[in-house]
Amino acid sequence: MTDDGVELVGGIEKREIVLVEPDSAWPARFARERERIVAALGPTAVRVDHVGSTSVPGLAAKPIVDIDVSVPDVEDEDAYLPALLAAGYELRVREPGHRLVRTPERDVHVHVCPAGGDWERRHLLFRDRLRHDADDRAAYAALKRELASRDWPSMNHYADAKGGLIAEITARAEAWAAHSGWRVADADPGTRP
């Protein structure tokens, strides 16, 4: 466990960062995983949302489908973790306010976060901003391509290197949300169990 309370189950992993062109199969993959999650968790899954680059049409991405599952209490692992493990996911990250489980193939990452919390809001707002704004989407794609060409000690280092631009886009997203009236409740209402 690190000083900031993050436990990486299995330790640090060095993986090649590979970006691929958008794949029309990503939404269907999300839908299948969503069904699996909802079947495992029932009403404990308050929301199940497709997030990350694979959720943004036209955006190159690592071929990993990211999913946010919002639950009442992330720290109450007994309420959801055994069911997700039984459904075939593996625990990868345990940290305050967030858990990450993934498929054994590592092509689906499920982020468990608090319903109505900051994690949920940030991911949905960032996703919706990239869906809405072509300039932000293009800037993010360009940075990802440039960073993917480098050798990184871990995927976490690659993710951290995107932080500056993510902060800039998030600031614009907050202004856009305030101006447009964007709310989490309006983000993909069809994804609720």
Side-chain angles (χ1 to χ4, degrees), residues 13-37 47-70 89 92-93 98 100-103 105-113 118-152 154-192:
E13 296 175 342
K14 179 170 175 54
R15 294 176 64 187
E16 182 181 3
I17 305 298
V18 176
L19 294 183
V20 300
E21 292 306 311
D23 187 334
S24 61
W26 289 337
R29 179 63 194 268
F30 162 71
R32 285 191 308 276
E33 295 298 324
R34 181 189 176 283
E35 288 177 14
R36 182 166 132 179
I37 292 163
R47 289 186 67 109
V48 180
D49 291 286
H50 190 185
V51 295
S53 294
T54 63
S55 71
V56 180
L59 184 60
K62 297 184 307 296
I64 299 171
V65 172
D66 282 292
I67 300 172
D68 274 2
V69 176
S70 303
Y89 296 103
R92 172 63 180 144
V93 176
H98 170 247
L100 172 74
V101 298
R102 64 186 181 185
T103 56
E105 301 80 16
R106 301 178 183 175
D107 61 349
V108 175
H109 289 177
V110 179
H111 302 271
V112 183
C113 62
D118 185 56
W119 182 285
E120 175 189 82
R121 184 181 185 283
R122 279 184 299 114
H123 278 198
L124 294 173
L125 178 59
F126 189 78
R127 179 204 63 197
D128 287 358
R129 175 63 182 187
L130 291 180
R131 286 177 173 177
H132 172 79
D133 190 274
D135 291 339
D136 280 341
R137 188 169 54 250
Y140 191 53
L143 177 64
K144 286 170 36 141
R145 287 184 195 286
E146 191 274 318
L147 294 175
S149 70
R150 300 184 194 174
D151 184 37
W152 296 96
S154 73
M155 286 183 70
N156 291 354
H157 290 87
Y158 163 80
D160 290 346
K162 297 184 298 184
L165 181 59
I166 288 173
E168 291 174 23
I169 293 171
T170 299
R172 287 190 290 275
E174 290 292 354
W176 169 69
H179 175 74
S180 69
W182 180 94
R183 300 174 318 136
V184 168
D186 298 328
D188 278 353
T191 64
R192 288 182 192 83

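Please read all numbers here as calculations on a predicted model, not as lab measurements.
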Item to check | Contacts of type salt bridge (Lys or Arg N to Asp or Glu O under 4.0 Å), residue Arg137, not counting sequence neighbours | outcome: none
Next on the checklist: Within this structure, what is the CZ-CZ distance for the pair Arg34 and Arg36, rounded to the nearest 0.5 Å?
Outcome noted: 14.5 Å
Checklist entry - What residue pairs, at least two apart or across chains, pass salt bridge (Lys or Arg N to Asp or Glu O under 4.0 Å) with a residue in residues 160-169? => result none
Checklist entry - How long is the span from the OG atom in Ser53 to the CG atom in Asp66, to the nearest 0.5 Å? => result 8.0 Å
Item to check | Residues Asp128, Trp182; criterion side chain to side chain donor-acceptor pair (under 3.5 Å); working and verdict | outcome: CA-CA 9 Å; Asp128 287 358; Trp182 180 94; 2.7 Å; yes
Checklist entry - So, are Arg145 and Glu21 salt-bridged, with charged N and O less than 4.0 Å apart? => result yes
Next on the checklist: For Glu174, is there an ion pair with Arg129 - N to carboxylate O distance below 4.0 angstrom?
Outcome noted: no
Checklist outcome for this item: The reported gap from CZ in Phe126 to CD1 in Ile169 (rounded to nearest 0.5 angstrom) is 4.5 Å
Next on the checklist: Using a strict threshold of under 4.0 Å (side-chain N to carboxylate O), is an ion pair present between Arg29 and Asp107?
Outcome noted: yes
Item to check | Taking every non-hydrogen atom, the tightest pair across His50 and Trp26 | outcome: CE1-O, 4.0 Å
Item to check | CG on Asp49 to OG on Ser70, rounded to 0.5 Å | outcome: 6.0 Å
Item to check | Evaluation steps, side chain to side chain donor-acceptor pair (under 3.5 Å), between Trp119 and His111 | outcome: CA-CA 9 Å; Trp119 182 285; His111 302 271; 4.7 Å; no
Item to check | Gap between atom NE2 of His109 and atom OG1 of Thr54 - 0.5 Å precision | outcome: 10.5 Å
Checklist entry - Can you tell me how far CG of Leu59 sits from CZ of Arg127, rounded to the nearest 0.5 angstrom? => result 13.0 Å
Checklist entry - Under a 4.0 Å N-O cut-off, is there an ion pair linking Asp136 with Arg172? => result yes
